[in-house]
Participant: 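Structure provided below as structure tokens; questions to follow.
In each ligand, atom 1 is the first atom listed, and ligand 1 is the first ligand listed.
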Amino acid sequence: MNPFTEVWTVLAGVAVTFLSILALQRYRSRRKLPPGPRGVPFLGNATQIRFDDLINEFKRLRAKYGDIFSFKVFGQPVIVANGYESIRQLLITEADSISDRPGKLAEDNPHQLGIAASSGPLWKEHRSFGLKTLRQFGFGKQSVEIQIQEEVIDFLNDINDTNEKPFNIHDFLAASISNIICSMAFGKRFEHSDRRLLKLLDFINDNLSDSNRIADIFVPFLDWLPGDPLNRKSRLARITEVKAFLKEIIEEHRNTLDENHKRDYIDTFLIQQNNDRETENSTFTDEQLLHTLVEFFIAGSETTTTTLRWATLYLIHNPDVQAGMRKEIDDVIGSSRMPNLTDKPLLPYCEAVISEVQRIRTVVPFSVPHYVKNDVHCQDYVIPKGAIVFPNLYSVAMDTENFPNPDKFDPTRFLENGEKKSEKAKIAPFSIGRRACLGESLAKSELFLFLTSLIQRFELLPEDMKVLPSTEGILGATYSPKPFKIRAISRV
Ligand code: HEM
């Protein structure tokens with residue numbers, strides 16, 4: 001063949017392929033995405049969406065465009081599902097297509113390792129391994145109660161030592177709560193005065209409450225820009241310190257491993273790693289272990305601590321509710337023993353208070369984002385492959401049909417003739433579907449035992465009776481209260 005003909009044939013082939021891809025892309029983007037604000041080329045809606053105030057921004061967009069709306073950030077389609085029914089449709093009915101995670105979810109996890117950040121077979125294998133292993137060490141079992149109660153005792157002693165002077169409850173709570181997951185995962189608990197632990201817990205709090213964190217998902221070039229745009233480098237530095245701490249703990253375990261005596265999650269993982277030595281492509285790698293531990297440490301500490309901080313804040317705002325809890329505890333348990341998990345069904349008012357706290361301040365308001373693996377047809381729309389889905393859990397809690405006057409703190413919403421109503425279909429603080437929180441049962445036991453023991457033993461008062469701390473929070477990946485102080489008056 002004439003060499004020129006050959007070149008032209010190749011060029012024509014390339015042009016046809018290029019035009020076909022372009023046509024396909026245009027066809028895809030024209031299909032009916034859920035409605036949303038009109039964006040501009042390249043940026044999409046990046047400069048229009050108020051990322052620093054997403055609670056109100058999503059409320060406004062829902063009022064304008066409906067329960068499922070969309071927008072784009074640098075070409076990335078984002079779908080926001082509002083209200084229980086829409087979230088159920090996407091996370092449960094369409095679970096086969098919407099149970100993955102987007103890349104760049106965590107600060108420093110380019111290969112999407114761990115459980116919370118992973119997808120597909122890796123996620124399935126390690127979620128199941130994680131649950132099974134944590135159960136061996138108490139998770140979801142009666143024995144976890146003893147571990148939690150030991151931490152509650154130290155926590156109450158810390159509070160007692162404040163001698164009725166104002167204090168910030170965050171540090172006491174964070175140290176006690178993190179010790180529970182640390183015992184199961186690393187077989188280790190820390191003194192509440194351990195400065196390194198307290199610093200790392202502060203780092204986690206700083207990272208999760210940073211409203212710029214969402215940029216990690218959408219802005220791929222942040223690492224290449226000079227300075228510290230949107231605090232990206234500060235967040236990375238903090239997580240690097242958390243990893244260094246966990247690496248030391250893994251090394252300690254490796255050096256003292258006894259295959260006949262598993263102490264915790266790390267030992268169980270290392271034994272599996274040894275068994276898999278000959279297995280090609282085993283997923284039991286050092287990096288997978290490290291990322292899973294980072295997730296356990298973060299998810300197992302911060303969310304429960306934040307919920308309990310909100311609880312104490314609302315209880316100093318509502319002394320009548322605090323008195324109602326105390327009366328129920330005094331009537332059912334008295335003061336001679338600590339509350340335990342078998343008391344739960346006998347304390348419907350206390351349970352209702354916990355539900356109301358989780359409702360009025362949903363601590364993970366937009367859940368953890370999901371990634372769409374295949375096109376999904378939902379209502380009249382197409383949720384396209386490659387989109388990121390935010391389940392707006394906060395919208396479920398603020399639903400005026402289920403919760404009239406939703407900004408009012410009122411635990412009686414969860415009571416019917418003095419009994420606890422099922423909240424299953426109404427609030428979803430742990431999300432729903434296959435990716436729902438792995439630590440839900442542990443978190444519920446912690447919330448119950450910490451809060452009832454605290455109210456049994458102390459009366460909580462504001463630092464200044466005339467100026468109550470604000471119930472407005474700080475929104476990042478979590479929604480947490482601004483720092484505040486309380487006083488605790490001993491009842492014994
Ligand atoms: C009040 C406390 C807690 C709240 C409100 C909470 C909330 C959540 C939410 C909303 C998700 C995302 C679910 C989704 O993607 O749809 C999640 C995931 C997760 N949570 Fe929690 N959580 C809490 C406590 C805990 C604890 C104590 C642990 C202990 C290990 C934990 C471990 C995890 C893990 C590993 C995931 C990822 C699950 C997956 O991707 O398969 N959480 N949590």
Side-chain angles (χ1 to χ4, degrees), residues 81 87-88 90-92 94-95 98-102 105-106 109 112-131 133-135 137-140 144 147-148 151 173-174 176-186 204 208 264-265 291-311 354-355 357-371 388-394 396-397 427-451 477-480:
I87 294 176
R88 196 192 60 75
L90 296 193
L91 299 195
I92 295 183
E94 302 298 343
I98 314 190
S99 294
D100 281 355
R101 296 288 189 211
L105 191 62
N109 186 359
Q112 290 190 256
L113 300 175
I115 298 174
S118 60
S119 297
L122 179 70
W123 165 74
K124 212 167 171 189
E125 184 178 15
H126 284 272
R127 175 155 174 137
S128 148
F129 178 85
L131 267 174
T133 308
L134 288 175
R135 273 195 202 118
F137 297 101
F139 217 71
V144 78
Q147 262 171 311
I148 301 175
E151 293 304 330
L173 273 173
S176 309
I177 296 284
S178 78
N179 265 340
I180 297 163
I181 192 69
C182 288
S183 305
M184 291 179 192
F186 332 143
I204 292 171
L208 288 186
D264 48 38
Y265 184 88
H291 282 284
T292 306
L293 292 179
V294 171
E295 290 174 352
F296 285 163
F297 189 54
I298 294 178
S301 310
E302 185 59 23
T303 44
T304 315
T305 300
T306 303
T307 309
L308 287 166
R309 288 173 67 212
W310 280 122
I354 294 171
S355 294
V357 169
Q358 290 205 280
R359 183 196 69 79
I360 201 160
R361 288 295 178 256
T362 306
V363 298
V364 195
F366 313 121
S367 191
V368 178
H370 289 225
Y371 177 81
I388 291 176
V389 171
F390 283 96
N392 185 354
L393 306 179
Y394 198 76
V396 179
I427 56 171
F430 299 98
S431 189
I432 54 174
R434 289 180 200 168
R435 303 274 330 209
C437 176
L438 176 142
E440 178 169 351
S441 69
L442 174 65
K444 283 182 167 167
S445 302
E446 291 172 342
L447 293 178
F448 177 80
L449 293 173
F450 271 81
L451 198 60
T478 52
Y479 191 41
S480 55

Participant: Could you enumerate the protein N, O or S atoms under 2.8 Å from atom 21 (Fe) of ligand 1, written like residue then atom name?
Facilitator: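 Listed by chain and number, the nearby protein N, O or S atoms are C437 SG.
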
Participant: Answer whether the closest heavy-atom distance between the side chains of Y371 and V389 falls below 4.5 Å.
Facilitator: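 No, too far: nothing below the 4.5 Å cut-off.
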
Participant: Below 4.0 Å from ligand 1: does a non-hydrogen atom of K444 turn up there or not?
Facilitator: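 So K444 does not count as touching ligand 1.
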
Participant: Tell me whether T362 contacts the main-chain N or O of P429 through its side chain, where contact means a donor paired with an acceptor under 3.5 Å.
Facilitator: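 No.
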
Participant: Look at ligand 1 and say whether E295 reaches it with a heavy atom at a distance under 4.0 Å.
Facilitator: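 Judged by the 4.0 Å heavy-atom criterion, E295 does not count as contacting ligand 1.
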
Participant: Which heavy atom of the protein is the closest neighbour of atom 16 (O) of ligand 1, given with residue, atom name and distance?
Facilitator: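 Checked against all protein heavy atoms, atom 16 (O) of ligand 1 sits closest to S431 OG, 2.7 Å.
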
Participant: Any idea which atoms of ligand 1 are less than 4.0 Å away from a heavy-atom of R127?
Facilitator: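 Reading through ligand 1 atom by atom, the close ones are 38 (C), 39 (C), 41 (O).
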
Participant: Taking both backbone and side-chain atoms of H370, is any N or O found less than 3.5 Å from an N or O belonging to ligand 1?
Facilitator: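 Yes: some nitrogen or oxygen of H370 is under 3.5 Å from one in ligand 1.
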
Participant: Residue-level breakdown please: for V368 versus ligand 1, do any non-hydrogen atoms fall below 4.0 Å on the side chain, on the backbone, on both, or on neither?
Facilitator: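 V368 to ligand 1: contacts from backbone and side chain alike.
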
Participant: Would you give the length of the straight line joining atom CD of E151 to atom OG of S178, rounded to the nearest 0.5 angstrom?
Facilitator: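 Reported value, rounded in 0.5 Å steps: 8.0 Å.
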
Participant: If only atom types and distance count, is the side chain of R101 paired as donor or acceptor with the main-chain N or O of V368 below 3.5 Å?
Facilitator: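 Side chain of R101 to backbone of V368, a donor-acceptor pair under 3.5 Å: yes, one is there.
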
Participant: How many angstroms lie between atom CZ of F450 and atom OG of S176, to the nearest 0.5 angstrom?
Facilitator: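 So the gap between those two atoms works out to 5.0 Å.
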
Participant: Decide yes or no for F296 and I115: does some side-chain heavy atom of the first lie under 4.5 Å from some side-chain heavy atom of the second?
Facilitator: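 Sidechains of I115 and F296: in contact.
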
Participant: Counting only nitrogen or oxygen atoms and a 3.5 angstrom limit, does E446 reach ligand 1?
Facilitator: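 No, there is no polar N/O contact under 3.5 Å.
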
Participant: Assert yes or no for the condition that the ring centre distance of Y265 to F129 is strictly below 6.0 Å.
Facilitator: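 Yes, ring centres under 6.0 Å apart.
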
Participant: Pull out every atom of ligand 1 sitting under 4.0 Å from any heavy atom of V363, numbered as shown with elements.
Facilitator: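 That gives atoms 5 (C) of ligand 1.
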
Participant: Under a 4.0 Å heavy-atom limit, does L134 contact ligand 1 with its side chain, its backbone, both, or neither?
Facilitator: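 Near ligand 1, L134 shows nothing, with every heavy atom at 4.0 Å or more.
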
Participant: Before signing off on this row, confirm whether R434 and ligand 1 have an N or O atom pair separated by under 3.5 Å.
Facilitator: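 Between R434 and ligand 1, no N or O pair is found under 3.5 Å apart.
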
Participant: Going by the atom numbers of ligand 1, which of them fall below 4.0 Å from some non-hydrogen atom of S367?
Facilitator: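 Reading through ligand 1 atom by atom, the close ones are 10 (C), 12 (C), 13 (C), 14 (C), 15 (O), 16 (O).
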
Participant: When the ring planes of F366 and F390 are compared, do they come out parallel, tilted or perpendicular, using 30° and 60° as the limits?
Facilitator: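 Rings of F366 and F390: perpendicular, over 60°.
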
Participant: Give the atoms of ligand 1, by number and element, whose distance to some non-hydrogen atom of P429 is under 4.0 Å.
Facilitator: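 Near P429, meaning under 4.0 Å from one of its heavy atoms, ligand 1 has 5 (C), 7 (C), 10 (C).
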
Participant: Short N/O distance, under 3.5 Å, between Q358 and ligand 1?
Facilitator: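 No, since none of the N or O atoms of Q358 sits under 3.5 Å from an N or O of ligand 1.
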
Participant: Calculate, to the nearest 0.5 Å, the distance between atoms CG and CE belonging to L134 and M184 respectively.
Facilitator: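 L134 atom CG to M184 atom CE measures 7.0 Å (nearest 0.5 Å).
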
Participant: For the CD1 atom of I427 and the CD1 atom of I432, what is their distance to the nearest 0.5 Å?
Facilitator: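 One finds 12.5 Å between CD1 of I427 and CD1 of I432.
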
Participant: Under 4.0 Å from ligand 1, counting heavy atoms only, is it the side chain of T307, its backbone, both or neither?
Facilitator: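 The answer is the side chain.
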
Participant: Report the part of R435 (side chain from C-beta onward, or backbone N, CA, C, O) that has a heavy atom under 4.0 Å from ligand 1; answer both or neither where that applies.
Facilitator: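 Both the backbone and the side chain of R435 come within reach of ligand 1.
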
Participant: Are the side chain of E295 and the backbone N or O of A116 linked by a donor-acceptor pair below 3.5 Å?
Facilitator: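 Yes, because the side chain of E295 sits within donor-acceptor range (under 3.5 Å) of the backbone of A116.
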
Participant: For atom 30 (C) of ligand 1, what's the nearest protein heavy atom and its distance?
Facilitator: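 Answer, as residue, atom name and distance: I181 CD1, 3.7 Å.
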
Participant: Which distance, rounded to the nearest 0.5 Å, do you find between the NZ of K444 and the OG1 of T307?
Facilitator: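 Reported value, rounded in 0.5 Å steps: 12.0 Å.
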
Participant: If you measure from CG on L91 to CZ on R435, what distance do you get to the nearest 0.5 Å?
Facilitator: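 Answer for the CG-CZ pair, L91 versus R435, is 11.0 Å.
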
Participant: Please check if the side chain of Q112 supplies one atom and the backbone of S119 the other of a donor-acceptor pair under 3.5 Å.
Facilitator: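 The answer is no, because no donor-acceptor pair under 3.5 Å joins these two groups.
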
